[in-house]
Amino acid sequence: MAGPWQPRLLALLGDPVAHSLSPVMQNAAFQATGLPYVYIAARVEASRFPEAVEALRLLGARGANVTAPHKEQAARTAHWLAPEAARAGTVNTLVFEGDRILGYNTDGPAFCRAVAEGAHTELAGRRVLLLGAGGAARAVAMAVAERGVAAMTVANRTLPRGQELARHVAMAAGVPVRAHAWPEDRSQWADLLAGHDLVVQATSAGAAGPWERLPYQVLPPEALVADLAYAPGGTPFLRAAARAGYRVLPGEWMLLYQGAEAFRLWTGVEAPLETMKAALAGAGLFLGNGDGRSPGGGGPAGSR
Ligand code: NDP
């Protein structure tokens, strides 16, 4: 059994991983709790993912986090899937338990917790617009649909992928979900945004997205605008939404809660949230008091 002098390994497997703040956040949590683990980020090509998992097990690692593009492959690699991972078909947390690989997905529950505790907002009854249909969008769509939202629209650049996700969520959760083509101009964006009161940006488009030009003002005043992506100073998508006066929820909150749940799964101990928040703040990420303040510390997000 590992003693304090012999920490067990945890790794983030993805490609790329250099941008990730999970090592900073998790290692701060291990130090604060005195638990004997060390967390590294490892870039792994898709074709070598199974080998990387086997190598970690050989080294006696406790588990791994998994990010793009390996989340579907991780679900196939696990011997057992937690219900939310099975429903989403994707895994972001592996736990090595004896000879078995257990697969979890903490992304969806983390987003829901972020909405509740980071934005003090109820999901029930919301009309959700989800931008993107990749691994994170999938997990978020399933988790959100199970919490009583009224309806959901999925808009994805590759329409068939969005249609497949919409069908999957509608069948699994019994919520009306429609797929929508990726808008090509401002008036198509206005048609898409109108009538939704929770907008979730779940693409990896980053600064390449059309965010600055979107007609946010067609959203109802009580709408919440959320981004899964995070960046020091806020993402272009959320900065534009905050300028238009809407409440925003930055991806930092989901990062915090998905990491906290992974920490608990590996260690059996509740994660030290304040320590993890401080570690993210030290890396330049903004985690306010959950009052919908604009990213970048620019004060309250207007009257909306
Ligand atoms: P994937 O690679 O699985 O999916 C990427 C998605 O982005 C697809 O829907 C893709 O569309 C879309 N996309 C990529 N480029 C563009 C573009 N230029 N214009 C429009 N759409 C585009 O990534 P993930 O789902 O894993 O991650 C998505 C985002 O969520 C990332 O920013 C990631 O950092 C963030 N994330 C944040 C987490 C957190 O804890 N805060 C946790 C997990 C993810 P298409 O199908 O057409 O290729």
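Bear in mind the structure is a predicted one, so any value in this text is a computation, not a measurement. Indexing begins at 1, ligand by ligand and atom by atom, following the structure's order. In this chain, residues are counted from 1 in sequence order. The figures here come from the full heavy-atom set of this structure, side chains too, leaving out hydrogens, waters and symmetry mates.
Considering Q258, E261, H70 in turn, Q258 is the only one that fulfils the side-chain contact (heavy atoms from CB on, under 4.5 Å) rule with N92.
Linking ILVMFWY side-chain heavy atoms closer than 4.5 Å, directly or via other members, places L130 and W253 in a single hydrophobic cluster.
Cluster partners of V95, by chain and number: L10, L12, V17, F30, L35, Y37, Y39, W80, L102, Y104, F263, L265, W266, V269. The rule joins Ile, Leu, Val, Met, Phe, Trp and Tyr whenever side-chain heavy atoms lie under 4.5 Å apart.
One finds no salt bridge joining E84 and R87 here, because no Lys/Arg side-chain nitrogen approaches an Asp/Glu carboxylate oxygen to under 4.0 Å.
Among pairs with a residue in residues 164-176, those fulfilling side chain to side chain donor-acceptor pair (under 3.5 Å) read R138-E164, at least two apart in sequence or across chains. Legend: side chain to side chain donor-acceptor pair (under 3.5 Å) pairs involving residues 202-213, not counting sequence neighbours, sorted by first then second residue: Q201-T203, E212-R243.
Annotation: ligand 1 has protein neighbours A68, K71, D107, G132, A133, G134, G135, A136, N156, R157, T158, R161, W182, A202, T203, S204, A205, L228, A229, Y230, G251, M254, L255, Q258, each with a heavy atom less than 4.0 angstrom from the ligand.
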